[in-house]
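Remember, it's a predicted structure, so these values are computed and weren't measured experimentally. Quick note on labels: first sequence line is chain A, next is B, and so on, each numbered from 1.
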Amino acid sequence: MAFIPHTDADVRDMLQAIGVDSIDQLFDEIPQALRVDGLKGVPEAVGEMEITRIMHKRAARDGEPLTFIGAGAYEHHIPAAVWEIATRGEFYSAYTPYQAEASQGTLQLIYEFQTMMASLTGLDVSNASMYDGASALGEAALMAVRANRKSRSGKILMPRTLHPLYRKVAKAVAGNQGLEFIEVDYDHANGTLDLKALEAYADEDLTALVIPQPNFLGRFEDVDALTDWAHARDAQVIAVVNPTSLALIKPPGEWGEKGADIACGEGQPLGVPMSSGGPFFGFMTCRQSWVRQMPGRIVGRTTDLDGRTGYTLTLQAREQHIRRSKATSNICTNQGLMVTGATIYMSLLGAEGLAGVATACMNNTARVVEVMSSVDGVEVAFAGGQFHEAVLKLDCPVAPVLERLAAEDIAGGLDLSAEYPELGNALLVCATETKSEDDIVRFGKAMADAVAAVAGEKR
Amino acid sequence: MAFIPHTDADVRDMLQAIGVDSIDQLFDEIPQALRVDGLKGVPEAVGEMEITRIMHKRAARDGEPLTFIGAGAYEHHIPAAVWEIATRGEFYSAYTPYQAEASQGTLQLIYEFQTMMASLTGLDVSNASMYDGASALGEAALMAVRANRKSRSGKILMPRTLHPLYRKVAKAVAGNQGLEFIEVDYDHANGTLDLKALEAYADEDLTALVIPQPNFLGRFEDVDALTDWAHARDAQVIAVVNPTSLALIKPPGEWGEKGADIACGEGQPLGVPMSSGGPFFGFMTCRQSWVRQMPGRIVGRTTDLDGRTGYTLTLQAREQHIRRSKATSNICTNQGLMVTGATIYMSLLGAEGLAGVATACMNNTARVVEVMSSVDGVEVAFAGGQFHEAVLKLDCPVAPVLERLAAEDIAGGLDLSAEYPELGNALLVCATETKSEDDIVRFGKAMADAVAAVAGEKR
Amino acid sequence: MTEKLIFESSREGRRATAQAPLRQTVDLPDHLRRNTPPLLPQVSELQTVRHFTRLSQMNFSIDTQVYPLGSCTMKYNPRACNTLAMLPGFLARHPLSHVSMGQGFLQTMHELQDMLKEVTGMKGVSLTPMAGAQGEFAGVAMIKAYHDARGDSHRNEILVPDAAHGTNPATAVMCGCKVVEIPTDDQGDVDLDELRKAVGPNTAGIMLTNPSTLGVFERHIEEVRGIVHDAGGLLYYDGANLNAILGKVRPGDMGFDVIHMNLHKTFSTPHGGGGPGSGAVGVGERLLPYMPIPVVGKDGDTYRWLDEKDIPGTIGRLSAFMGNAGVLLRAYIYMRMLGRDGMSRVSEYATLNANYVMVRLRDAGFDLAFPRRRASHEFIVSLKRQSRDLGVSAMDFAKSLLDYGFHAPTTYFPLLVPECLLIEPTETEAKEDLDGFVEAMIAILDESARDPEKVKGAPYTTPVRRLDDVKAARQLDLVFNPASVDA
Amino acid sequence: MTEKLIFESSREGRRATAQAPLRQTVDLPDHLRRNTPPLLPQVSELQTVRHFTRLSQMNFSIDTQVYPLGSCTMKYNPRACNTLAMLPGFLARHPLSHVSMGQGFLQTMHELQDMLKEVTGMKGVSLTPMAGAQGEFAGVAMIKAYHDARGDSHRNEILVPDAAHGTNPATAVMCGCKVVEIPTDDQGDVDLDELRKAVGPNTAGIMLTNPSTLGVFERHIEEVRGIVHDAGGLLYYDGANLNAILGKVRPGDMGFDVIHMNLHKTFSTPHGGGGPGSGAVGVGERLLPYMPIPVVGKDGDTYRWLDEKDIPGTIGRLSAFMGNAGVLLRAYIYMRMLGRDGMSRVSEYATLNANYVMVRLRDAGFDLAFPRRRASHEFIVSLKRQSRDLGVSAMDFAKSLLDYGFHAPTTYFPLLVPECLLIEPTETEAKEDLDGFVEAMIAILDESARDPEKVKGAPYTTPVRRLDDVKAARQLDLVFNPASVDA
Ligand SMILES: Cc1ncc(COP(=O)(O)O)c(C=O)c1O
Ligand SMILES: Cc1ncc(COP(=O)(O)O)c(C=O)c1O
């Protein structure tokens, strides 16, 4: 009996102690008519040996392609120590640290995580994680509504330079509570939010403005001006940021005169594998003044009966298990183990190491742009700087090009043509620090071949 | 500076405390003429990211072939828990448990291991491991010389049914101390040691007889008769056994009237990956009376100052660090971590599980024999039972057949033609529990094609 | 044993050099640049490894202790689930890569959807919710979408029994609904009269955990269904307690319209010290058009994502990609290893263990919340009497258990039972460990009579003793400030 | 904290069922069958995981404590070395598979051989010895083979300084040689006069550790070489202390004919609680014909094994296959991450750390064994004075250190320094941790003056207190006997 330790003698003794004849009798409160006799549609058990073979085969089938897609999930080098330690049983198989005295390891780690994230974003406090970057944005919008006492509209401005999937998720997560998400167009010529486009909303009651930095197209927004614009209108500023970039670029807490109010984003770049998109983790930080509006777990430092320092979950009165229908969110289980990994990752890299990763990403993507600009039928969409993503314009449809690249074991980027039709046959590419010069050259060659072939077919 | 934590300030303070101006000065006792200036032949450092890529590529190049070779290294299913736990830092990065109070984890584990190995082999005591099975045999021969006070010859009979590499290693390891290893031929018709062949030595002063069970050709020796024959001549019996088989077959301690005196062998089948041949571990067990002649570490149970049970290295007076030139062996570092893995493996399997593995191995090999006996140009060498190896006879040279199988990603067995010319084009194959019916059928087909092709070429 | 903060080991200029490229120059305008580096520790690789290894040792966990935390299903997490889900081919897959590069993964997800349908008796499954609470959200959002599509937008009341988990009412609110609380009767069942009174034209649905968090099976489930369905509402099943009924009775057969499953409970993906989880949802016929996307579909031999184009009525996306894919892999592996028969055994032995501990504690003089009921896979002890007579609370028992090497049961939940301990042993604990737990409870009870102050001072053997939660909330200290150390 | 034996959790009929095929019937004659099953525990998977996880927590290790064990080089073992060496492609390779199936592995081994040649200044390298002691064996066996080949079979005396590690004399004997011990002078160097007296026509060679296990560099190494070579003997270098001189001076350049390296020390493969290690040997011109096989060779672009056919004079095989391949992979990865410059830094910072701790302890009033010498990467403190005046021994200090969270240094080795502690901090420890160690030593010294009985009773905080070694040896209890529990 897989994973069940009972011997026949155990069962006999236990049934006797309970005073029943069979295990089945223990289910006698379930109406007989509802009972099923097993689950025939589930396959028969396989041993660990068989499932090991099955999964090895499937994993090998999917392989380890050369990946030039970013778009919210980034391939970074992850030090071996990160998951070797994070998957130690004591971290891996523990629950949420409700019994603080028996969970100091996890609690202290979260306190360290909070410190790192607050500092990275330049804000005062952090929670212990949200599900992912996109849903964190939804929660941040709800939080802005609670925090912004001056606005009653629930209107949130979301530029189209924000990840399209984030926009969708924010609406799905927060839309049921009467929030209105307004999409604002960007400057198609340079790929950033147009301050002028915002002026249309200058006189409205706005709850918040969402500012992505770097934005989905890899470009840097004019965050200072945007932040000040919003604050001048009593709108809160929600920053959506890439944590790797923050080793290098100005943190949300320093945007404009007063800094952003809330920062959130996807924590995956901090040591979490791409793994088909999850588990990742969302992070969220804010000013001290709004900590009571934060969703999610928060750890605080305190002392024990003997005066020793210790850590415990705090401000639980915000949470569903205490406040129920009046909680700041329904979130309970979060992405704890990913936070464990990320905290180890950030410790191993340090500020200098993370800056090294960020610069390598920027330079590698610049190199991709350079290589691609000399490929026939490929053009670079926007002149000037980008973080680690860039938009290419092809003179043929994108989908068949990606399919050809896939056949070469290259994940060649994300097709933007459906979400950004105004950009034509646009492709979003990304090169992190994991890409070598050889890789980039190989990508360039494969792209040239694929574009030539697809363009040829078309003709 | 990879793995070095010193800051510039640290170095400055430390040099000042020491009273020197530079680190270089600390090397001033080394004659100047001998100093080298770095190691130009060593490549420049690569980061963990680069070495990760390099090693992923090399490992992928070697792949995960379908393996039908045994011959001393066996592919078994290894529960994931084994190495997940054995590579925990506290096991992995500890030293030999010299400070018992700070090493109870390792020590108790070894005590459990000793118990399991003693019981598995049917003998009284076990040591904490030798380097591998082959060198353990060399040490067992030396131990027999020490233990057998009645024999002065140092003559050890070694049947040719013992692994050829073991015979070579035993000679290399023990040959310098005046031991004489005598190879005894076997019955070419049925692949086991011929009692009659032994009679030639009936009147000699013999120190020991080595009995492999199952033998290198996969066959079962008549261990009872052989043991009694040796004991009747005051020769000791050294059993060389496969630990998996011992879940099913009679343990050395029960051979003949009195049982074998020493048992040794390769521990790799107990949860250690094949890994190009190492690290594996040798095991050694013996009768209580000869424990003081054992080489290697031994752990004993004792009590602490408060009367609590604890574990410690014991009988250290046998060892080199105490006894120096009079030690039972020069062994110091052994194969501790492999023992950790094996102890976890044996705990997960239990007697019943190990017996399940053993029966599956036997039945799968029997199935290979069955499939192969219907392949043209392939014949089974010996009629009757075998454990999990069998000898096939081809009607063409073996090497090119193996080369063709390798091209199909099948490791098709071991070529015996050099070591056992009397068997012709002989091939030793093995199928453990990891092989499915499909695998065996695939092997059979590939063998048929390869033999046909090679035979065709010859013609 | 305590451990310094990692920031306290930080020294200017120290680095784990093997881990990151050296900083190159970069083309970045001044106004975009960061001026002061973030407060990440400057430590060596060894310091990092040592620090976090030591921290880990300060946790209780399934791998080291019996962990009978009610409602949380702290069963053994097979190690193979972890190692196989972390094979390079699975980790390296970008979520937006071409489907041809992910057939191994997608096949696995498709098979998982099918197995979960069979297990729950539902018609469709979406794997995307990232925890139980998000599964609840998806479920209630679908119920809302269903009513909206029928022009019943006024239906915005969600009925929630008072024993429900906090996520249930919180979820209802997140979906823009009002919560109507339904009381429980003295046998732990839903009070049917009150339910009849509560339903009406605004009823959107009811959220029910069955067995409930009181540890008992809702015996009138068929009546409940009738009442709610007749009123035009739908039934939501909170699957946190699926472990209790696996292979015995299926939510779909009980008449539920939608269910979330906590795969991190029933299907043993690790809790990770707080997450990640997975709250896959299953739906009946009526809610199929509203499932959250993406879902995995199959065209001939090829697996692909189903999205807005395939499910135009979808409530949308709940995460940027497809939720906690790696968790789903682990659940799949576990389910395959259990197999059909293993599934039923889970509920059988979980129930056996719970009932055994329950009768042993009862016989030792503890008060059960529902002495006339069977335990499901968990049950409740109330220490109200001890609290009154000896001044020793459920929390004191919980902390004392830590000294005996047992993690505490869930305390003070459900809220309606005073001084309660919700005890869930799970099926993977051996009888002798359950006996050990019972003996520890008895020992604490004895000690409470002899020396209650001692019990109130527990724990004594943990890295820290009882922590001051009030101080933590009053004097908020949520991030480390290096200046505070120099001072 | 103590933990039951796993056998005590065993119950008849219990199994970790997912781990092994069910037992089929099998065709085996009765006389071959085993009658009573072996005493392997009958436990569940969770019980196994929990037991061994808990056991692990009872160890000190590099990953959790500073571990300044002299002569053992307990430096940080980078985690990547482990994970990369355990990639499926490396683990799945059968040692006897066709060379076409192992080019990735063989290339790596070939490159490792080349790097080790450069590091040591030797002409050939064989990777096959499985630990230092087996490397020594290979070395002395080659020396013997060399003399034998020249008809000098009478040369069977191996000179060994009295400070040598126990494996040196034990090895000489295993190779059929006699040991001639050479005394050390009061500055820790070999006594040259005694050496001159000892050499002669029967001299096979000398085994030397340099820096010696006394923690000092042998300053007269050139004279030693001259004396031994002139007498017709060869020089063996015990490479256990290579960490001290990496990139500074090479054994080959010092004139050694053969060397073993403890890759598990200098090249940081983990010690694993006692092994595995790797004792790769390097040889000069004269011993090339005798190297142990197999060695990895290269023909054009293809790597292959060299065996008896290629090296007919070989001393033979020391293991069935090629030694501890997986350990060699780890060493290779580590060496590549260090690179050329990182190698020299190893010896520089190891030496800096040792000298720093040495002067700090000296300044705190401890007696150094060789106060006028530089420390190499390690050094010796003698507690003879404290032992005499306070009755507190080196062992008491060692046990006390455990209570301060430090593993003890090596005690009572080398044998010629009374009450000695051999202290090797290694380069991967940070200054503040070294300071912590020094402060602990000072605190114990203070305590020894104030309350020696307290120190003699140490340790107090470990899972068990001081163990009775005498009882362990007198009342041998080496295996568990289930009957003893019932009794
Ligand atoms: C009954 C019940 N419902 C819902 C949940 C919420 O699940 P999750 O924590 O995965 O969001 C829990 C988890 O504790 C629970 O016990
Ligand atoms: C100086 C010296 N020589 C030889 C050895 C033996 O090495 P191994 O333990 O690897 O056999 C050691 C190991 O402790 C040592 O310190």
Top of Leu349(A), Ile249(A), Thr106(A), Thr314(A) for chain C proximity - count of heavy-atom pairs under 4.5 angstrom:
Ile249(A)

Which atoms of Ile298(A) come close to chain C, meaning under 4.5 Å heavy atom to heavy atom: side chain ones, backbone ones, both, or neither?
side chain

Could you check whether any side-chain N or O of Gln114(A) sits under 3.5 Å from a backbone N or O of Val479(C), counting only pairs where one atom can act as donor and the other as acceptor?
no

Turns out that what part of Leu414(A) lies under 4.5 Å from chain C's heavy atoms comes down to side chain

Note, Leu467(C) side chain near Thr303(A) side chain (heavy atom, < 4.5 Å)
no

If one checks every heavy atom of Ala81(A) against chain C at 4.5 Å, the contacting part turns out to be side chain

So which part of Thr343(A) gets closer than 4.5 Å to some heavy atom of chain C, the side chain, the backbone, both or neither?
both

Looking only at heavy atoms, the pair that brings Asp132(A) and Ser319(C) closest together is OD2-CB, 3.3 Å

Can you name the closest pair of heavy atoms from Ala16(C) and Leu348(A) and give their distance?
CB-O, 3.3 Å

Less than 4.5 Å to any heavy atom of chain C: does that hold for the side chain of Arg61(A), its backbone, both, or neither?
side chain

Sort out for me which residue in Asp469(C), Asp468(C), Asp477(C) forms a salt bridge (charged side-chain N to carboxylate O under 4.0 Å, His left out) with Arg301(A).
Asp477(C)

If I compare all heavy atoms of Val42(A) with all of Val119(C), which pair ends up nearest, and what's the gap?
CG2-CG2, 4.2 Å

Less than 4.5 Å to any heavy atom of chain C: does that hold for the side chain of Asp409(A), its backbone, both, or neither?
both

When the 4.5 angstrom heavy-atom criterion is applied to Ile85(A) and chain C, the contacting part is side chain

With respect to chain C, which residue among Val339(A), Asp28(A), Val291(A) yields the maximal number of heavy-atom pairs within a distance under 4.5 Å?
Asp28(A)

Which one wins on heavy-atom pair count under 4.5 Å against chain A: Phe7(C), Tyr76(C), Tyr349(C)?
Tyr349(C)

Using non-hydrogen atoms and a 4.5 Å limit, figure out which bit of Ile23(A) sits close to chain C: side chain, backbone, both or neither.
side chain

Please classify the contact between Tyr166(A) and chain C as side chain, backbone, both or neither, with a heavy-atom cut-off of under 4.5 Å.
side chain

Determine whether the side chains of His77(A) and Gln19(C) contain a donor N or O and an acceptor N or O closer than 3.5 Å.
yes

Between Gln177(A) and Met174(C), is there a side-chain heavy-atom distance shorter than 4.5 Å?
yes

Using the test ring-ring contact (aromatic ring centres under 6.0 Å, His included), find all partners of Tyr98(A) that sit at least two apart in sequence or belong to another chain.
Tyr95(A), His321(A)

Does a salt bridge link Arg340(C) with Glu44(A), judged by any charged N lying under 4.0 Å from a carboxylate O?
yes

Heavy-atom side-chain contact between His94(C) and Pro65(A) under 4.5 Å:
no

Residue Ala118(A) versus chain C: region with a heavy atom under 4.5 Å:
side chain

Main-chain N/O of Ile6(C) paired to Glu112(A) side chain as donor or acceptor, under 3.5 Å
yes

Between Glu101(A) and the options Lys399(C), Arg466(C), Arg465(C), the side-chain hydrogen bond (donor to acceptor under 3.5 Å, both in side chains) test singles out Lys399(C)

Asn59(C) (side chain) donor-acceptor with Glu90(A) (main chain) under 3.5 angstrom
yes

Given the options Leu402(A), Thr312(A), Leu354(A), which has more heavy-atom pairs under 4.5 Å with chain C than any of the others?
Thr312(A)

Tell me, side chain or backbone of Met362(A) under 4.5 Å from chain C's heavy atoms, or both, or neither?
side chain

Does a side chain donor of either Gln335(A) or Asn324(C) reach within less than 3.5 Å of an acceptor in the other side chain?
yes

Selection from Met58(C), His98(C), Arg374(C), His271(C) maximising heavy-atom pairs under 4.5 Å formed with chain A:
Arg374(C)

Interface moiety of Val299(A) toward chain C, non-hydrogen atoms closer than 4.5 Å:
backbone

At a heavy-atom separation under 4.5 Å, does Phe281(A) approach chain C through its side chain, its backbone, both, or neither?
neither

Would you say the side-chain atoms of Thr53(C) and Arg88(A) include a donor-acceptor pair closer than 3.5 Å?
no

Please assess Arg58(A) against Thr108(C) for the test side chain to side chain donor-acceptor pair (under 3.5 Å), listing each intermediate value before the final yes or no.
CA-CA 8 Å; Arg58(A) 291 185 185 178; Thr108(C) 306; 2.9 Å; yes

Heavy-atom nearest pair, Ser325(A) first then Val179(C), reads CB-CG2, 4.0 Å

Relative to chain C, which of Met274(A), Met14(A), Lys168(A) shows the most heavy atom pairs under 4.5 Å?
Met14(A)

Contacting moiety of Phe220(A), where chain C heavy atoms sit under 4.5 Å:
side chain

Taking atom types as modelled, find out whether Arg93(C) and Ser276(A) have a side-chain donor-acceptor pair closer than 3.5 angstrom.
yes

